[in-house]
Undergrad: 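One structure coming up, written as structure tokens, with questions to follow.
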Amino acid sequence: MKKFTILLFIFLTILIPEGFAQFAADGSYFWNLTNITYSPNNKTEFVLANKDHYSNQIDHLDYLHVELIGYRKLSKNFSLGLGIRQTENYKSAQWNPGQTYMFYGVYFFNPGDVKIRFANRFVTKTYKNADTQYGLDNITNVDFFVRSTNKLPKPYLMDELFSILHLGKIQTIRLYGGFHLLKKQHFGIDFYYCYQKTRPMWTWKDYSVWGINTKFRI
């Protein structure tokens, strides 16, 4: 437990100063995610989620999505998932709609007092005013002190790597550090900082994100 605490401290020490620097430089982002999870049995799970991105650079929402994902547990450590997402991107003073179709392969492990979720995701992104894109993404979550009965906020780390297959490159890198501020049986709230690197074309741009996740389970 002590080792994980030290690693978390090092991670946040590196990211937070960079984050405040970016916050001053480009205005940063605020993200809000709300999801509702329903499990009809111990092998099946459905997640309905909404996410909004607010850009301080333009003082406006610049992205939002609504998605529905279903997961089926095939073994103790592996699940498959299928999902569909309706997206809206704000560009050139107008909203541009799109759809994303997602296929997940999810591995999960519980070494000691840690929970690890490792997901690979194949995506097909269609747009009204742009060509279809195909991508392969990776999303990793690491939760600490999962067996602890302590009521204090529990830390977690997360990364997201998004790639575009036809370009053969990683487009976006996101590194998260956050806390499960409240975690009840049917309700939870997370708060996090995310350091994001993205390259719409070939030049990397860095951004800071502050976000909150509100979670319901029925």
Side-chain angles (χ1 to χ4, degrees), residues 29-40 43-55 58 60-74 78-108 117-141 156 158-167 169-176 178 188-190 192 194-200 205 207 209-218:
Y29 283 87
F30 297 97
W31 291 353
N32 178 63
L33 172 66
T34 302
N35 65 54
I36 301 172
T37 301
Y38 170 64
S39 300
K43 290 188 176 182
T44 307
E45 184 174 87
F46 297 97
V47 180
L48 177 65
N50 165 249
K51 189 178 185 184
D52 305 318
H53 292 186
Y54 183 86
S55 171
I58 62 173
H60 199 286
L61 286 174
D62 70 353
Y63 173 84
L64 62 87
H65 75 233
V66 177
E67 65 183 17
L68 177 63
I69 306 172
Y71 298 97
R72 179 67 176 178
K73 194 172 183 179
L74 301 184
F78 181 72
S79 292
L80 289 178
L82 286 173
I84 183 171
R85 173 185 293 174
Q86 176 67 40
T87 64
E88 295 283 347
N89 286 277
Y90 187 75
K91 294 181 179 179
S92 303
Q94 66 178 359
W95 287 100
N96 300 284
Q99 290 81 37
T100 301
Y101 304 93
M102 302 169 287
F103 177 70
Y104 287 84
V106 185
Y107 300 86
F108 32 89
R117 183 180 185 271
F118 183 85
N120 285 318
R121 177 176 67 189
F122 177 75
V123 298
T124 301
K125 300 179 181 180
T126 62
Y127 305 96
K128 182 179 180 180
N129 300 315
D131 294 335
T132 298
Q133 294 183 359
Y134 301 93
L136 183 63
D137 305 332
N138 173 258
I139 304 167
T140 303
N141 300 78
Y156 71 93
M158 179 176 171
D159 72 66
E160 296 178 320
L161 303 176
F162 301 151
S163 66
I164 300 177
L165 290 181
H166 77 277
L167 294 179
K169 70 171 186 176
I170 294 176
Q171 181 187 33
T172 301
I173 300 171
R174 295 173 180 169
L175 302 175
Y176 298 77
I189 297 177
D190 299 342
Y192 62 85
C194 169
Y195 173 61
Q196 176 176 247
K197 292 180 69 69
T198 186
R199 48 178 176 179
K205 295 183 179 181
Y207 299 98
V209 179
W210 302 94
I212 186 168
N213 293 352
T214 305
K215 299 175 288 186
F216 300 90
R217 180 174 287 273
I218 59 177

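Just so you know, these numbers use all the heavy atoms, side chains as well, and skip hydrogens, waters and symmetry mates.
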Undergrad: Do the non-hydrogen side-chain atoms of Tyr127 and Asn96 ever get within less than 4.5 Å of each other?
TA: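 Heavy-atom side-chain distance check fails, nothing below 4.5 Å.
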Undergrad: Over 60° means perpendicular and under 30° means parallel, so classify the ring planes of Phe46 and Tyr38, tilted if in between.
TA: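 Parallel, since the angle between the ring planes stays under 30°.
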Undergrad: Counting distance only, does the side-chain N/O of Ser163 pair as donor-acceptor with the main-chain N or O of Leu136 below 3.5 Å?
TA: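 Here the side-chain-to-backbone pair exists.
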Undergrad: Hey, could you give me the CG/CE distance between Leu68 and Met102, rounded to the nearest 0.5 Å?
TA: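 One gets 8.5 Å once the value is rounded to the nearest 0.5 Å.
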Undergrad: Measure the spacing between CD of Glu88 and CG of Asp52 and express it to the nearest 0.5 Å.
TA: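 Those atoms lie 11.5 Å apart.
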Undergrad: Report the distance from atom NE2 of His53 to atom OH of Tyr207, rounding to the nearest 0.5 Å.
TA: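 Rounded to the nearest 0.5 Å, the NE2-OH separation comes to 13.0 Å.
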Undergrad: Atom OG1 in Thr34, atom CG in Leu48: separation rounded to 0.5 Å?
TA: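 Thr34 atom OG1 to Leu48 atom CG measures 10.0 Å (nearest 0.5 Å).
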Undergrad: Should the pair Tyr176 and Trp31 be assigned to parallel (<30°), tilted (30 to 60°) or perpendicular (>60°) ring geometry?
TA: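 Aromatic pair Tyr176/Trp31 classed tilted.
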Undergrad: State, with a plain yes or no, whether a side-chain heavy atom of Asn138 is found less than 4.5 Å away from one of Phe118.
TA: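 The answer is yes; the side chains approach within 4.5 Å.
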Undergrad: Would you confirm whether Asn50, through its side chain, and Asn35, through its main-chain N or O, come within 3.5 Å as a donor-acceptor pair?
TA: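 Not at all, since once roles are kept as given, no pair shorter than 3.5 Å links the two residues.
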Undergrad: Here's a test for you: under ring-ring contact (aromatic ring centres under 6.0 Å, His included), which of Trp95, Tyr63, Tyr54 qualifies with Tyr90?
TA: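 Of the listed residues Trp95, Tyr63, Tyr54, the ring-ring contact (aromatic ring centres under 6.0 Å, His included) partner of Tyr90 is Trp95.
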Undergrad: State which residue, out of Val123, Asn120, Leu80, fulfils the side chain to side chain contact (heavy atoms under 4.5 Å, CB included) condition with Phe103.
TA: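 It is Leu80; the other options fail the test.
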Undergrad: Given side chains that start at C-beta, do those of Asp62 and His60 come closer than 4.5 Å, heavy atoms only?
TA: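 No, too far: nothing below the 4.5 Å cut-off.
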Undergrad: Using atom types as modelled and distance alone, determine if a side-chain donor or acceptor of Arg199 lies under 3.5 Å from a backbone N or O of Ile170.
TA: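 Present.
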Undergrad: Nearest 0.5 Å please: distance from the OG1 atom of Thr198 over to the CZ atom of Arg174.
TA: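 Nearest 0.5 Å value for the OG1-CZ distance: 8.0 Å.
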Undergrad: Should we count NZ of Lys197 as having more than 12 external heavy atoms under 6.0 Å?
TA: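 Counting neighbours around NZ of Lys197, more than 12 heavy atoms of other residues, nucleotides or ligands fall under 6.0 Å, so yes.
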Undergrad: Would you check if the side chain of Thr126 reaches a backbone N or O of Gln99 as a donor-acceptor pair within less than 3.5 Å?
TA: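 It does hold such a pair.
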Undergrad: Step through the shown structure and confirm whether more than 12 heavy atoms of other residues, nucleotides or ligands are within 6.0 Å of NZ on Lys169.
TA: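 More than 12 within 6.0 Å, yes.
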Undergrad: Between Glu160 and Arg121, is there a side-chain N and carboxylate O pair less than 4.0 Å apart?
TA: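 The answer is no: the pair does not qualify as a salt bridge.
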Undergrad: Nearest 0.5 Å, please: how far is CD in Glu45 from NZ in Lys73?
TA: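 The distance works out to 10.0 Å.
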Undergrad: Grab the two heavy atoms, one from Ser79 and one from Phe108, that are nearest each other, plus how far apart they are.
TA: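 Looking at all heavy atoms of both residues, the closest pair is OG-CE2, 3.4 Å.
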Undergrad: Report yes or no: does Asn213 contribute a side-chain atom to a donor-acceptor pair with the main-chain N or O of Asn32 at less than 3.5 Å?
TA: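 Checking the backbone N and O of Asn32 against the side chain of Asn213, no donor-acceptor pair under 3.5 Å is found.
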Undergrad: Hey, is the main chain of Asp159 close enough, under 3.5 Å, to the side chain of Thr140 for a donor-acceptor pair?
TA: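 Looks like no, no N/O pair under 3.5 Å.
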Undergrad: Evaluate the ring planes of Tyr134 and Phe122, with Trp represented by its six-membered ring, and classify them as parallel (under 30°), tilted (30 to 60°) or perpendicular (over 60°).
TA: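 The arrangement is parallel - the two ring planes meet at less than 30°.
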Undergrad: Lys215 pairs by side chain to side chain contact (heavy atoms under 4.5 Å, CB included) with which of Val47, Asp190, Thr37?
TA: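 Single side chain to side chain contact (heavy atoms under 4.5 Å, CB included) partner of Lys215 among Val47, Asp190, Thr37: Asp190.
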Undergrad: Which heavy atom of Tyr71 sits nearest to which heavy atom of Val106, and what is that distance?
TA: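 Smallest heavy-atom distance, with atoms named: CE2-CG2, 4.1 Å.
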Undergrad: Assess whether side-chain contact (heavy atoms from CB on, under 4.5 Å) is satisfied between Cys194 and Met158, documenting all intermediate values.
TA: CA-CA 9 Å; Cys194 169; Met158 179 176 171; over 6 Å; no
Undergrad: Specify the closest pair of heavy atoms between Leu33 and Ala49, including all atoms of both residues, with the distance to one decimal.
TA: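 Taking Leu33 first and Ala49 second, the nearest heavy atoms are CD1-CB, 4.1 Å.
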